[in-house]
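In this text the structure is predicted, and so the values were computed from the model without any measurement.
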2 protein chains.
Amino acid sequence: MSNIRIDVKSRTPIFEQLCAGIREQILAGAMAPGEPLPSVRALACELAINPNTIQKAYAELERQKLISSAPGRGSFVSDDIRPAMGAFEERILADLRAAVHRARLCSIGKEKLTELIDKEWEGTKP
Amino acid sequence: MSNIRIDVKSRTPIFEQLCAGIREQILAGAMAPGEPLPSVRALACELAINPNTIQKAYAELERQKLISSAPGRGSFVSDDIRPAMGAFEERILADLRAAVHRARLCSIGKEKLTELIDKEWEGTKP
DNA sequence: ACATCTGTACTAACACAAATAATACAGATG
DNA sequence: CATCTGTATTATTTGTGTTAGTACAGATGT
């Protein structure tokens, strides 16, 4: 922590960018289960963002079972992030569904889709 | 026209829902090039939505080269929708990119992705 | 020519969510 | 006990989506 990039001019809310960034670091293994997250105030100061916004992101991540917080102690990566992983997979499936649906509108074949995935997969592998 | 479903309680803006719905009908071939769209006021009345919101959607669709409008004449599906198709394909590619990126976070393999696409493709084919 | 349709432009008002700001409280810790 | 932590609360500002009302110019059919 914390190589998180926040774009205050983006149309996507800051607290969502925070959620996505932290979630990515956790799922990618950059943060181990049980590891402490920066305090609400510290991260707010570091990113020059209001503490309330940080807390909003933390609250959402806790709702997703990705982190757990306790007054006086701090916030920590959940010991078991598998439930959150499952929910995340569901979202990926939904994204693919949307992509397939849109591809049909463009008369893009299934082969083209898998080819694109293959190309993108290999192109970002190393 | 116009089997468009608008959910006023959705978090996605009404004008975006309109754009998506009309774009889908055009790309799917449900509306032929040159075919007239309902007038701003008529569609507003039919959907019980403010005319300004309809116009906002039409303006966006015109920006995307999907339709063309002229004062006094009306709005029509563009004669050549290929440029819009190209832009749409770009968006699909971006969606796939995001899906691949997220899949990596979940340790989902490329084979699993292509399998999901295949299943979704066949499941919505008829 | 006239009435009526069309898209377009503009202002004002309202609703809602995001974000900021400033406190305050309770639990944990050294 | 001082100081950190998360959490809750209220007020304010800001931006965007939406509605409402009005107006203007071009096209069309009678």
**Report entry** Sub-4.5 Å side-chain heavy-atom contact between B:Asp118 and B:Thr114
**Finding:** no
Report summary line: When pairs are called at under 3.5 Å and a stem needs at least three consecutive Watson-Crick or G-U pairs, the stems of DNA chain C are C:1-30 with D:1-30
Query raised in the report: Mind checking what makes salt bridge (Lys or Arg N to Asp or Glu O under 4.0 Å) contact with A:Arg82, not counting sequence neighbours?
Result: A:Asp80
Report task. Go through the structure and list residues passing salt bridge (Lys or Arg N to Asp or Glu O under 4.0 Å) with A:Glu122, not counting sequence neighbours. Result -> B:Lys110
Requested in this report: Identify, with sequence neighbours excluded, every residue that meets side-chain contact (heavy atoms from CB on, under 4.5 Å) alongside B:Ser39.
Outcome: B:Arg41, B:Ala42
Report summary line: Rounded to whole Å, NZ of B:Lys9 lies from P of C:dC16 at a distance of 11 Å
**Report entry** Annotated protein contacts, base or backbone, on nucleotides 17-24 of chain D with a non-hydrogen cut-off under 4.0 Å, one of B, S, - each
**Finding:** SSBBB-B-
Query raised in the report: Could you state the CD-C1' distance from A:Gln55 to D:dT9, rounded to the nearest angstrom?
Result: 11 Å
Report summary line: Separation of C:dT8 atom C1' from B:Leu43 atom CG, nearest Å, is 17 Å
Query raised in the report: How close or far is atom P of C:dG7 from atom CD1 of B:Ile67, stated in whole angstroms?
Result: 9 Å
Query raised in the report: Does a nitrogen or oxygen in the side chain of B:Ser39 sit under 4.0 Å from OP1 or OP2 of C:dT6?
Result: yes
Query raised in the report: How does each nucleotide of nucleotides 25-30 of chain D score, in 5' to 3' order, for protein heavy atoms under 4.0 Å: base (B), sugar-phosphate only (S), or none (-)?
Result: -BSS--
Query raised in the report: Does a side-chain N or O from A:Ser75 land closer than 4.0 Å to OP1 or OP2 of D:dG6, or not?
Result: yes
Report summary line: In whole angstroms, the gap separating P of C:dT6 from OH of B:Tyr58 amounts to 10 Å
Requested in this report: Rounded off to whole Å, could you give me the CG-to-C1' distance for the A:Leu47 and C:dT20 pair?
Outcome: 15 Å
Name every donor-acceptor pair, under 3.5 Å, that has one atom in a side chain of residues 66-77 of chain A and the other anywhere in the protein, sequence neighbours excluded.
from: A:Ser69; atom 1: OG; to: A:Ser75; atom 2: OG; distance (Å): 2.7

Query raised in the report: Can you list the residues that meet the side-chain contact (heavy atoms from CB on, under 4.5 Å) rule with A:Lys112, with sequence neighbours excluded?
Result: A:Ile108, A:Glu115, A:Leu116
Query raised in the report: Any salt bridge (charged side-chain N to carboxylate O under 4.0 Å, His left out) pairs touching residues 9-19 of chain A, not counting sequence neighbours?
Result: none
Report task. Go through the structure and list residues passing salt bridge (Lys or Arg N to Asp or Glu O under 4.0 Å) with B:Arg63, not counting sequence neighbours. Result -> B:Glu60
Kindly list each side-chain donor-acceptor pair under 3.5 angstrom involving residues 88-98 of chain A, sequence neighbours excluded, with atom names and distances?
from: A:Asp95; atom 1: OD2; to: B:Arg102; atom 2: NH1; distance (Å): 2.4
from: A:Arg97; atom 1: NH1; to: B:Glu120; atom 2: OE1; distance (Å): 3.1

Query raised in the report: Quick one: does B:Lys125's side chain get under 4.5 Å of A:Arg104's, heavy atoms only?
Result: yes
Query raised in the report: What residues form a side-chain hydrogen bond (donor to acceptor under 3.5 Å, both in side chains) with A:Lys56, not counting sequence neighbours?
Result: none
